[in-house]
Amino acid sequence: MIVEETLVAELKDKHTQAKAFEVLVNAYKERLYWHIRRIVLDHDDADDVLQNTFIKVYRNIDGFKGESKLYSWMYRIATNESLTFLNQKSKKLGITNQELQETLVENLESDVYFEGDAIQLKLQKALATLPEKQKLVFTMKYFQEMKYEEISEILETSVGGLKASYHLAVKKIESYLTGAD
Amino acid sequence: MKKNHDNKFKTPEGYFESFNERLMARLADEEASQSSSIPKNDGFAVPDGYFENVYSSVQKRMDGKGTKVIALKSYRAFYYAAAAIAALFVLSLAWNWSNPTQLGFEDLASTDITAYLENNDLGLSSYEIAEIVDLEEVTILDIVENQLEEDVILDYLDENVEEIEDLNLEYDEIQ
């Protein structure tokens, strides 16, 4: 198990940062990838955002004051990078964020890295209808099995607010999945 | 052990001993049935061996050898370059349309520059722009397009401030 304080100190030290960065990337790459992938949906986009996230972490580690956990800070950067990426993409395409979400889900049908069946595709369609915050809370809780306290630190929202968002998201998704096509 | 002489009911043997276990099982069942319509796997996959190569991909991008190079240290130059391009673009239009009087950067309408920056993708996120713009150096005049006329300010205060004391003005400022 990695001791965060030690890793952060090594990342800030010019003599040890290269090795520490490798340790950091290898320790968090999968968790951050899946977090990003569930926001941007496409593998290549997720890879792009993941790399940018790690580079940003590396460049800004001196600004990390240890007020939150390192992984919370990295998740926050990953979330911001993902949402910024989507905003830029919708702007480039000249469509709204909602239209982009629908396009991304449509693209999943021909995506070689999406192996979901009809139900899983419908789940993505349901998620695309949710407000951004509800979608984030749902995926972090349901798929990444994070605790409310952890999500609270990353999204800077109260636990009570997160529980309400999650509950609403579950109801909406269930209603979408069980409703008529 | 105290006996309950008034209670004639009986429970199956070991009922209370196994109560917790049965309760937890039922809760788990109910939880499972509640979320049964939502699949637990979302169907995403990654190319074979993808995670093994993440570090080397990040390393390549940092060294400038990756496919999508992001020059993290050159935001400022990029920002000025974009402003310069915007200036040249608007200046060239102005040159073609009007008489050839000498035009400078100050002749650009700020709305043209704003529109250019908004409509053209600079590849910079608001997050990145925030990193290079020192907010401490920004004054109200950088945001407000025109100098506020005194009577405009007074009209605003007249319409929006109920109690002059709320403004906490010094006596000589009210004169």
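Heavy-atom minimum distance, B/Ala45 versus A/Arg37: O-NH1, 2.7 Å. Between B/Asp42 and A/Phe114, the closest heavy-atom pair is O-CE1, 3.2 Å.
Considering only heavy atoms from C-beta on, B/Val54 stays 4.5 Å or farther from A/Tyr28 through its side chain. By the 4.5 Å heavy-atom criterion applied to side chains, B/Pro39 and A/Leu177 are counted as neighbours. Side chains of A/Lys29 and B/Val58 form no contact here, defined as non-hydrogen atoms less than 4.5 Å apart.
Contacts of A/Leu127 with chain B are absent, with no heavy-atom separation under 4.5 Å from either backbone or side chain. For A/Leu50, the part lying near chain B is the side chain, with the backbone staying farther off; criterion is any non-hydrogen pair under 4.5 Å. Interface remark: A/Ala126 contributes no atoms to any contact with chain B (heavy atom separation under 4.5 Å). For A/Tyr58, the part sitting under 4.5 Å from any heavy atom of chain B is the side chain, from C-beta outward, and nothing else.
A salt bridge does not link B/Arg61 to A/Asp47: none of the charged nitrogens lies less than 4.0 Å from a carboxylate oxygen.
When ring centroids are compared, B/Tyr55 and A/Phe54 stay outside the 6.0 Å threshold. Aromatic rings of A/Tyr113 and B/Phe44 (six-membered ring for Trp) have centroids beyond the 6.0 Å cut-off, not under it. In this structure, A/His43 has its ring center under 6.0 Å from that of B/Tyr50.
Geometric assessment of B/Lys40 against the ring of A/Tyr142 yields a positive cation-pi assignment under the 6.0 Å and 45° thresholds.
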